[in-house]
Student: 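Sharing a structure with you now.
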Number of protein chains: 2
Amino acid sequence: MVKRTSFEHDDCPIARSLDALGDWWSMLIIREALFGVRRFGEFQKKLGLAKNILTVRLRALVDQGILKTAPASDGSAYQEYLLTPKGRGVFPILVALRQWSEEFDERPEEIATILVDKEKGRPVRKLELHSQDGRLLGAEDIALKPRPAGKQGKRATA
Amino acid sequence: MVKRTSFEHDDCPIARSLDALGDWWSMLIIREALFGVRRFGEFQKKLGLAKNILTVRLRALVDQGILKTAPASDGSAYQEYLLTPKGRGVFPILVALRQWSEEFDERPEEIATILVDKEKGRPVRKLELHSQDGRLLGAEDIALKPRPAGKQGKRATA
DNA sequence: TCCAATGGTTGCATCATTAAACCAGATTGC
DNA sequence: GCAATCTGGTTTAATGATGCAACCATTGGA
């Protein structure tokens, strides 16, 4: 990759996200972590990736504050990898990826699972983007504005 | 990358999405396309990637039904790359990536633009996941169920 | 103490990515 | 209608990320 073109200093937030979790494994590691996987061997078994790659990815995710290592927990003096809030914040991205597959995949019958709400057990609705006054927005309804300098404005409604 | 471990036949919809658009450029190409970019040279200039890679990526995106080529449009007998519905369906994923950056980036001041609703010009709300009966769901409120065999169930509310 | 499992690291082969040079068809100038 | 040039690529060669397999170190158990 000659240098793999880091987007770390790109001013586009999408590029910046991709720089952090834009490879094929990081997202899947976070997905597993969201479902409770914590241990090296468990990630390795579930994802089937090479251990050296897993090592590198886990370290990168820790460096980026997406995972953190906890000294132990279940007795054994091994390490665990836990999601930080930043890591849990990836959840909507995973949902978006999932829903895109569900909607557009060529062979949806190969998709093994559906996302349901835990309380009722029924499929969830599609992710929705709303304006501040509550209107549902599509790709045509949005625009980009230069970030207002200085003032930070809103930072996380949730 | 030895073979990049295709997830094409994985049964996880997230893996399947990543297989289609999980590299660093495809998402950005789609982002540009959503903002109206259509021509080879335009993509190349805006993204600054090597032309051979752009060629490969565009071809892959066309093969996957995310982009389609239109014979011309502005006179010149060149080609254009247009988003299909499947391509436009990537929009929520891009929004999710963007919002993740906005919320968790270490240096949010480097982010140049904000997403606003075109009508009012105000920042949009965060993406929301709802249950069918309208409750707002977080990562803790969801579960996975095996896909009900045979019956296809819902397919796109939007 | 020895053996197995966990959690890695190391080395090597391979393939993807990259930059840069090259090339062909379309367009333009003359 | 012929050369220059622009657009849209392809080819080539270097680099380095990825994957596999072998190896190592520590933990845990018999």
Side-chain angles (χ1 to χ4, degrees), chain A residues 1-10 15 18-29 32-33 36-64 67-82, chain B residues 1-10 15 18-29 32-33 36-64 67-82:
Chain A
M1 286 175 180
V2 163
K3 239 172 62 188
R4 221 189 77 197
T5 310
S6 164
F7 298 118
E8 197 181 342
H9 299 298
D10 200 295
L18 291 176
D19 194 65
L21 30 85
D23 66 283
W24 298 275
W25 292 117
S26 299
M27 289 277 198
L28 297 176
I29 290 170
E32 295 300 331
V37 172
R38 304 168 159 214
R39 296 284 284 261
F40 186 94
E42 226 178 334
F43 283 113
Q44 210 247 318
K45 215 179 317 174
K46 293 229 181 189
L47 294 173
L49 46 29
K51 294 198 290 180
N52 52 350
I53 300 294
L54 180 56
T55 301
V56 172
R57 287 289 174 278
L58 287 174
R59 200 166 1 240
L61 290 170
V62 169
D63 286 350
Q64 286 166 330
L67 293 176
K68 66 184 169 216
T69 54
S73 133
D74 68 330
S76 297
Y78 291 114
Q79 256 193 149
E80 288 189 344
Y81 296 90
L82 300 176
Chain B
M1 287 170 182
V2 161
K3 239 172 65 190
R4 222 187 76 196
T5 309
S6 165
F7 299 118
E8 196 180 344
H9 299 299
D10 200 295
L18 291 175
D19 194 66
L21 32 83
D23 67 283
W24 298 275
W25 292 118
S26 299
M27 289 275 199
L28 297 176
I29 290 171
E32 294 301 332
V37 171
R38 304 167 159 216
R39 296 284 284 259
F40 185 94
E42 226 178 334
F43 284 111
Q44 209 249 318
K45 216 179 317 176
K46 292 228 181 191
L47 295 173
L49 46 30
K51 294 197 289 181
N52 50 353
I53 299 295
L54 180 56
T55 300
V56 172
R57 287 290 172 278
L58 287 174
R59 194 156 18 229
L61 290 170
V62 169
D63 286 350
Q64 288 167 329
L67 293 176
K68 67 184 171 216
T69 52
S73 132
D74 68 328
S76 298
Y78 292 115
Q79 257 191 147
E80 287 189 343
Y81 296 91
L82 299 177

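The structure presented is a predicted model; accordingly, all values stated were derived computationally and were not measured.
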Student: Could you tell me how far apart B/Asp23 (CG) and C/dT18 (P) are, to the nearest whole angstrom?
Tutor: 9 Å
Student: Take atom CZ of B/Phe43 and atom P of D/dT7, then tell me their distance rounded to the nearest Å.
Tutor: 16 Å
Student: Applying side chain to side chain contact (heavy atoms under 4.5 Å, CB included), can you list everything that pairs with B/Ala60, at least two apart in sequence or on another chain?
Tutor: none
Student: Between P on C/dT17 and CG on B/Leu28, what's the gap in Å once rounded to a whole number?
Tutor: 14 Å
Student: Would a distance-only check, ignoring hydrogens and angles, find a side-chain to backbone donor-acceptor pair under 3.5 Å from A/Gln44 to A/Leu49?
Tutor: yes
Student: Between P on D/dG8 and CZ on B/Arg38, what's the gap in Å once rounded to a whole number?
Tutor: 13 Å
Student: Measure CG/B/Leu49 against P/D/dT10 and give the value in whole Å, please.
Tutor: 14 Å
Student: Could I get a table of every N or O pair under 3.5 Å where one atom is in the protein and the other is in nucleotides 4-8 of chain C?
Tutor:
residue, atom, partner, partner atom, Å
C/dG7, OP1, A/Arg39, NE, 2.6
C/dG7, OP1, A/Arg39, NH2, 2.7
C/dG7, OP2, A/Gly41, N, 3.1
C/dG8, OP2, A/Tyr81, OH, 3.1
C/dG8, N7, A/Lys51, NZ, 2.7
C/dG8, O6, A/Lys51, NZ, 2.5

Student: What pairs with A/Lys45 under side chain to side chain contact (heavy atoms under 4.5 Å, CB included), at least two apart in sequence or on another chain?
Tutor: none
Student: Give the rounded distance in Å between these two atoms: CH2 of A/Trp25 and P of D/dA17.
Tutor: 18 Å
Student: C/dT17 phosphate, OP1 or OP2: any side-chain N/O from B/Trp24 under 4.0 angstrom?
Tutor: no
Student: Residues two or more places apart in sequence or in another chain: which of them pass side chain to side chain contact (heavy atoms under 4.5 Å, CB included) with B/Val62?
Tutor: B/Leu67, B/Thr69, B/Tyr81
Student: Are B/Trp24 and A/Asp19 close enough, and set up right, to give a side-chain contact (heavy atoms from CB on, under 4.5 Å), and what steps lead you there?
Tutor: CA-CA 8 Å; B/Trp24 298 275; A/Asp19 194 65; 5.8 Å; no
Student: Quiz question: going by heavy-atom distance under 3.5 Å, is there a donor-acceptor pair between the base of C/dG11 and the side chain of A/Asn52?
Tutor: yes
Student: What is the distance, rounded to the nearest whole Å, between atom CD of B/Gln44 and atom P of C/dT17?
Tutor: 16 Å
Student: Under the side chain to side chain contact (heavy atoms under 4.5 Å, CB included) test, which residues partner B/Glu32, sequence neighbours left out?
Tutor: B/Val37, B/Phe43, B/Lys46, B/Leu47
Student: Between atom CG in B/Leu54 and atom P in C/dA16, what is the gap in whole Å?
Tutor: 18 Å
